[in-house]
There are 2 protein chains.
Amino acid sequence: MSKNSLGYVDLVAIFKKQIQSGVWQIGRSIPSESALAKEFGVAVGTIRQAIIELSNDGVLIKRHGKSTMVSGGLNGQSMLRFFRGNVSGSGQASPTAKVLAVKETPIDKTLSGLTGWSTKNALRLHRMRFINESPTLFETIYIPLPKFKKIIKVSPRDYESLLYPMYASLCEVAVMKAKDTVSFELLKKSDAKALGLREGHPGVRVDRLAFDLSGAVVEFRTSVGDAMAFQYSAEVN
Amino acid sequence: MSKNSLGYVDLVAIFKKQIQSGVWQIGRSIPSESALAKEFGVAVGTIRQAIIELSNDGVLIKRHGKSTMVSGGLNGQSMLRFFRGNVSGSGQASPTAKVLAVKETPIDKTLSGLTGWSTKNALRLHRMRFINESPTLFETIYIPLPKFKKIIKVSPRDYESLLYPMYASLCEVAVMKAKDTVSFELLKKSDAKALGLREGHPGVRVDRLAFDLSGAVVEFRTSVGDAMAFQYSAEVN
DNA sequence: GAGTGGTCTAGACCACATC
DNA sequence: ATGTGGTCTAGACCACTCA
């Protein structure tokens, strides 16, 4: 006895593959529910159940009356809400970012251990983030090659101010989830200097692993800032 | 033309009221889907849609083959994973807690501003949390009266080691959501002393607002610890 | 085996977006 | 007016739990 028709769980897996393989592209529409029902030989309700699950996971975006689209993932502006006196407050803060350096570097044991990357090289970016013109976060970012090779051809001055949307549009990589680890440390000389503080000043450090749809790590980022200006809010559910 | 039958959105609201009013009690079963369908005069599918939504919000707990139950909310053991070398690691850490003082205090403007509490008094607890016998977090906890009046009659030595389950079983209060705000500061003398550190040592402070099903604040808690031992992990979605 | 939730169907009808 | 997703129905059948 073999099952000869697909369940919604199967469809969820199939739809994910459509996205990972690029058949369904980031930011573009997927076929209508009734079309998919015909294509896969199931009832519309079954298609809907699969789509609703993916929508709850942030993979698809539904809007009543319009077609369902493939999400580009997180937008990455989530990092700066960690500091006092910024965006979420009233008035206008002006968060900006500047990429200071881009360099191709080998993936060493430490980095591959953290990320699971098995290719040889990665890109390393140094990036400063500003609030109201003042340097607030110094970031070191690793992204693997060759997946992000198109980034190399972009001049750092032409980087978009948010990296994740750029990853999506340029490299077809959607960051769906991330894990932050916040810890406290005294600033090293180099970090302190970049932030306009003295060596040994209390610092905060946020290590972030960013994951794509398949759960693979697509970025590792370390951000350092002034602990005394730091404030992090999180929902616990 | 009036709508003469209930939609699943209406049912979600109705079911929440059943819980808030105590008709459906924390930890107990709710009627079966088919029974509810008859009671409210709708199809089973409509009941299911409402229940699924509440289940996704953590309000109800479904288990295949068994009846659906009302959740007791968060368990409150979430705070200690913030420190290094603890539970989530291998081996056995032994997190414990000890309530040092319980006192009835008036709700001042600051507290009512933060929490929205409009009654006159609150209970204030001082509580120390330990990892492997060593004092790690010093907590100051406010809960409003008269909602928590049953707590007064319990001797601090008889408190359960997790407070949220005690709130649920004793006071019918389920903490469904919380908001943590993490910041760094130099330890005040009193906090430092309680933690076995010297005044001015780098400290971490976590302010938490805990919410019930209706979104009302049911607890305000401030936790202070050693910044050097602090490590916080969070998922970003 | 009786009772519960889980999946799927086929179709009706509603609500929103767009032309 | 057409196409899309949103809601609801009534019923069949499956899968799990427990006595």
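Naming convention: chains lettered A, B, ... in sequence-line order (proteins, then strands); numbering from 1 in each chain. Computed from heavy atoms alone, side chains included, the values below leave out hydrogens, waters and symmetry copies.
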Rounding to a whole Å, what distance do you find between [X]:[atom1] and [N]:[atom2]?
X: B/Tyr8; N: C/dC14; atom1: OH; atom2: P; answer: 18 Å
X: A/His64; N: D/dG3; atom1: NE2; atom2: P; answer: 16 Å
X: B/Arg28; N: C/dT4; atom1: CZ; atom2: C1'; answer: 17 Å
X: B/Met69; N: D/dT17; atom1: CE; atom2: P; answer: 14 Å
X: A/Ile30; N: D/dG3; atom1: CD1; atom2: C1'; answer: 15 Å
X: B/Lys62; N: D/dT17; atom1: NZ; atom2: P; answer: 15 Å
X: A/Lys66; N: D/dG5; atom1: NZ; atom2: P; answer: 12 Å

Residues from residues 35-61 of chain B sitting under 4.0 Å of DNA chain C, heavy atoms only?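 Contacting residues: B/Arg48.
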Just by distance, do the side chain of A/Ser21 and the backbone of A/Lys17 share a donor-acceptor pair under 3.5 Å?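 Between the backbone of A/Lys17 and the side chain of A/Ser21 there is a qualifying donor-acceptor contact (under 3.5 Å).
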Report the nucleotide, chosen from D/dG6, D/dT4, C/dG6, that has the shortest atom-to-atom distance to any side-chain atom of A/Glu33.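 Closest nucleotide to the A/Glu33 side chain: D/dG6.
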Consider the side chain of B/Thr68, meaning its heavy atoms from C-beta on, and name the nucleotide among C/dT9, C/dG5, D/dG5 that approaches it most closely.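 Nucleotide nearest to B/Thr68's side chain: C/dG5.
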Please round to the nearest 0.5 Å and tell me the distance separating atom OG1 of A/Thr96 and atom CG of A/Asn132.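 A/Thr96 OG1 to A/Asn132 CG: 9.0 Å, rounded to 0.5 Å.
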Between CD on residue A/Glu33 and CD1 on residue A/Ile52, distance to nearest 0.5 Å: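 Rounded to the nearest 0.5 Å, the CD-CD1 separation comes out at 7.5 Å.
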Could you check A/Arg63 against A/Val9 and say which one's nearest nucleotide on DNA chain C is further toward the 5' end?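 Per heavy-atom nearest nucleotide, the more 5' residue is A/Val9.
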4.5 Å side-chain heavy-atom contact, B/Leu145 and B/Leu123: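 A side-chain contact exists here, since the closest heavy-atom pair is under 4.5 Å.
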Give me the one residue out of B/Phe230, B/Tyr232, B/Phe130 that meets ring pair (Phe, Tyr, Trp, His ring centres under 6.0 Å) with B/Phe83.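 The passing option is B/Phe230.
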Set of side chain to side chain contact (heavy atoms under 4.5 Å, CB included) partners for A/Ser183, sequence neighbours left out: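 Listed in chain order: A/Arg205, B/Arg84.
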